[in-house]
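Since we're looking at a predicted model, the values are computed, not measured. Each chain gets a letter, A, B and so on, in the order the sequences are listed, and its residues count up from 1.
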Amino acid sequence: MSGNWLIRGGTVYDPLNGITGKVKDIYVKNGKIVNKIDEFDIKIFDATGMIVAPGNVEIHSHIAGPKLTAGRILRPEDHIKDPVKAKHSLRSGCGFSVPSTFITAYRYLSLGYTTLMEAAVPPLEARHALDELEDMPVVDKGMYILMGNNNIIFSLLRKKEYKKAKEFVGWLLNATGGYGIKIVNPGGTDSWKWGKIFNSLSDETDWNIKPIEIVKLLAESAEEFKLPHPIHFHTYNIGFPGNYKAALDTISKLKEYRAHLTHFQFYCYGGDSWNNFRSESVKVAEEIRKCPNITVDMGQVLFENTTTMTADTPWQFNLHKISKNRWVSADVENETGSGIVPYTYKSTNPVNVIQWATGLELALLLDPWHIFLTTDSPNGGPFFLYPQVIEWLTSEEARKKIIDKLSPRIKKRMYLPNIHRELSLADIITMMSAGTAKALGLKNKGHLGIGADADIAVYKSKESISKTLSKVNFLLKGGKLVVKDGEIVDAVGNGKLLRVVTNVEDSSLEKYIKEYFDMYYSINFSNYKVEHDYFKNEEVVPCGGSI
Amino acid sequence: MKKFELITGRTLKQGIALHIGKTTESYQNAVAVAYLNKVDMDENFITEGKNILLSTDFGRVVVKALKDDIPKGMIFMPYGPWANLLISVNTHGTGMPDFKSLIAWFSPVDEEVWSWEKVLKEVKTL
Amino acid sequence: MKKIDNVICPFCGCLCDDLSIRIENNKIISVEKGCSISKSLFLNHDKDLALPTVYGEKTSIKESVKEAVNILSSKKHTLIYGLSSTSIETQRIALELAEFLGGSIDQTSSVCHGPTVLATQQTGINTCTLGEVKNRADVVLFWGSNPLESHQRHYKRYSLFPKGMFIPNGRKSRKLIVADVRPTNSSKLADIFLQIDIGKDYEVINVLRLLLKGKKPTSDIVGGIEVKKLKDLLDVMLSANYGVIFFGMGLTMTKGKYHNVEAAISLVRELNFHTRWSIEAMRGHYNVKGAGSVFSWQTGFPYAVNFSLGYPRYNPGEFSAVDLLRRKEVDSMLVIASDPAAAFPHKAVKNMMDIPLIVIDPKVSISSKIADVIIPTAQVGIGTAGTAYRMDGIPLRMKKLISSPYPSDVDVLSSILSGIKEVKK
């Protein structure tokens, strides 16, 4: 289905290969970007005057899995705001903060995204995430597997069986079809199963282990297995005033490791109560700058009614208490949990507007290879509103529209009024494709060099960067035409499941796991590992390391 | 006639029989029954295993009366086409019919327990 | 003869995955570890099979599919119904078909835990997977549910007897409370049994909530229970380290319906401010949870969905199957993996008789007895593989044990869909 293409004369942005705004031809053959082709049978797209960029790579979004289903069920009122009709080969559905699966894929494609990473999957329910991902056509996808509250890892850590614990990490990635290791409030989600609020890296949990031991074990596993993406970490104390200390604590403890710290704006707060809540993005950015091995993503908030959902069950309980909104929670045996609370961010709410400022500050204080554009969708807001975030990042005037309405008292609690930097088109493209692909270790994504997957986005140049990037005009995915004249023309067929396969050598490991299962799980061990049938159309990303 | 509160629900016998076949005698024996309190049965001159004509505002059916540990004033029937002859199609805007807490009354009859064919015939003509 | 272990049972929401099945000459000859219902299911797997039939005449699968295509492509408003006793893979295609036809689609939650879904939409829910119950739950409360009759191995595998990580003595470490309108086999094992007056669950649960808030009701007896006894019950619930309420049709079908469930969910939520509690719906069919999930991820809505305007609309009471039939708003019906003629109030069944009816089912059912077209298929978990989600959401892969003479639901629905697309080209 994918033929030969020539994308002719476009203004190419390929930050990974040092190209920012050079007029260049791009050739595609067999789904890959190649050198010039001299074949007769070639389709030509005239991209003169248009922006050509790599297909975007989403590094963190909640799009598929049991908590998405629970979130969708919870919010029929969110769906009826945004119904989507079926159109030729496109399925119907609904949008807004918890869109249905087809609409999720279509809207991401319309923004030029061709690869999506699902942010948090419980291993026990991996098949469910895979089932939903299968109903997101065209895009390539991967999953981060939740491990930070895994009781098997806790048991092995407590017994100081570090090697076995690391082998288990590798085994779990193989068993679930995952791409990377996700950690959410290590020890915290597990503690809340007893109603305990546990919020630290250094204190001991009821398992007599310190969360930092869990994190280090997982970080070392990522290193030793040579995983393409390091630990993907939602650290402790999210959302609270004064939690910039948790951010600094986390960064300092991970200095020696590679790590990705996610939706980090949510950890840049000062003050000690909601009344003197303020931004401490400057302090946090300073520390991040010192760590070239650590990347972050924004987690930007938008002033919308959205649906918060994370595996940070105590945090979600808190948000329910604060907002008094409906609350869904689910404890997942031996592994993790989830919580969902609808929430509205308002520009008239001092805390929300400071959160808004903090996210933008963080992005404007760091370089685009260090921090990526996300809203932790849907926690900060729905992903399809990314163009609004782009507008704020690239236009001080757009930021002023909100800042000018604020009282001096509020303005004093943020840095944004004094930040004049406006990100460039190259910066934004880096934050959405090149930077994220690099952090993910996806060698064939996020760039337009020879050998890259032919995931190519072409945008009509408009009066602003955000308007330009708000709708892709022409999109190839794996060399196949998906978007033409701004409309999706073909969304049939699935993209690839990107997953890692680690080299786990310990043959006694499965015996250990089975014993654990017999005692503490409610399913049989032999029914746990995801069958290969679910990895239709996979691309195994090689790792090569071992413990 | 004395009014009773009728509830319908699952039974083990019903679960086992439905796999033997919905049109088999086993299924009918498991499902075309109404469980009553012994005192209620005695007061209405119904012996165990006797057939009764059970009625509500929405229909009627002939089933076998059996004794069980049911509170006085209550009748329990297994889910199925026999019970459904007694249930209103009104869901009060919820989608869910009133499968429990219906007002019913009964009397002894000499008729055979209705077969599934008779039940469907009754459905068609009601 | 071959023996297959760790077989998953395709009956109820327990989705037990530890059965051992012996097969000889493509026939199941023994079942170990399953409950009496699952034994009946597996041992009768080849009995009373449906036959391909068109207007009462036996025919081939091909012909019955062809007639199904004829009917559905010529009708204005089709209702697709059932789906809880088949795989995720089948449910996907059913939704695609409903969307293509611009019809309505509903699944058995509509007459089962639909009110639970409505309650969750109103008020959220705090829940857990069954292994949490095994490992942590020291107080377990069954409200309006009779698991020993409906989910036979639930007590044994998940909720009452198992030893768990923090429950070293199994049954002895747990308190069982059963609340129902009559004594049942399940209540016989209870440490505390509350016999509630019919239709009074809402009042009783709300009085518990009132007492939890430190207030007193105006009467001494509510729903047939002394308030003093409710106070004692609340003390037991507050003493739990991790308590779980399991509930069934006793709440969803009784007067009040989703309000009853809302009250129970609210009680659990409020208990979470004192200790830890979860609440779990006793889902009836083995993949009804899956049906609700697929509906939700493909359309946004869990059941009672209509596509007449080209996009999914949701309205239980309007697009729910019983109501569509009551108001005679559908001119054709496709039943798959369910038996509504045995499950619906009779007036709805009558209206089913008056419209073209296609039934897709492995077995003879009451619905097949009034159907115009019958298409037999292989049973998921026996004659074909497929994914199912347990009552608590855990997804498992059902195995194919024997070769069925019939195609899968997936194959049949796909053929029907492509046939209709051909006609409507």
Test B:Ile52 against B:Val63 for side-chain contact (heavy atoms from CB on, under 4.5 Å), laying out the working first.
-> CA-CA 6 Å; B:Ile52 54 172; B:Val63 293; 4.1 Å; yes
Under the side-chain contact (heavy atoms from CB on, under 4.5 Å) rule, what do C:Phe11 and B:Leu18 come out as? Steps first, then yes or no, please.
-> CA-CA 11 Å; C:Phe11 183 63; B:Leu18 69 87; 4.3 Å; yes
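- For the set C:Leu325, C:Val349, C:Val181, C:Leu324, the count of heavy-atom pairs under 4.5 angstrom toward chain B peaks at C:Val181.
- Residue C:Ala304: no heavy atom, backbone or side chain, is found under 4.5 Å from chain B.
- Both the backbone and the side chain of C:Pro183 come within contact range of chain B, judged by heavy atoms closer than 4.5 Å.
- No part of C:Phe319 comes within reach of chain B, as not one of its non-hydrogen atoms sits under 4.5 angstrom from that chain.
- For the pair C:Ile355/C:Leu79, no side-chain contact is recorded, criterion being any heavy-atom separation below 4.5 Å from C-beta on.
- For a residue to count as touching a neighbouring chain, one of its non-hydrogen atoms must lie under 4.5 Å from one of that chain's; by this rule C:Cys112 touches chain B with the backbone only.
- Within the model, atoms CE of C:Met333 and CE of C:Met353 stand 12.5 Å from one another, a figure rounded to the nearest 0.5 Å.
- Annotation: side chain of B:Pro97 is in contact with side chain of C:Val111 (closest heavy-atom distance under 4.5 Å).
- Within the 4.5 angstrom heavy-atom criterion, only side-chain atoms of B:Met74, from C-beta onward, approach chain C.
- Rounding to the nearest 0.5 Å places CG of B:Leu36 at 5.0 Å from CZ of B:Phe106.
- For chain B, the nearby parts of C:Leu41 are the backbone and the side chain; heavy atoms of each come within less than 4.5 Å.
- With sequence neighbours left out, the ring-ring contact (aromatic ring centres under 6.0 Å, His included) criterion links B:Phe58 to no other residue.
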Distance-only donor-acceptor screen, chain B against chain C, under 3.5 angstrom:
unit_1, atom_1, unit_2, atom_2, d
B:Leu12, N, C:Glu149, OE1, 2.6
B:Ile16, O, C:Ser40, OG, 2.7
B:His19, O, C:Lys363, NZ, 3.2
B:Lys22, NZ, C:Asp339, OD2, 2.6
B:Phe58, O, C:His346, NE2, 2.7
B:Asn84, O, C:His346, N, 3.1
B:Asn84, ND2, C:Ala342, O, 2.7
B:Asn84, ND2, C:Ala343, O, 3.4
B:Asn84, ND2, C:Phe344, O, 3.3
B:Leu85, O, C:His346, NE2, 3.3
B:Thr91, OG1, C:Asp323, OD1, 2.9
B:Thr91, OG1, C:Asp323, OD2, 3.0
B:Met96, O, C:Lys257, NZ, 2.8
B:Asp98, OD1, C:Lys257, NZ, 2.6

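- Looking only at heavy-atom pairs under 4.5 Å with chain C, the residue among B:Ile7, B:Val123, B:Leu12, B:Ile70 that has the most is B:Leu12.
- For chain C, the nearby part of B:Leu86 is the backbone; its heavy atoms alone come within less than 4.5 Å.
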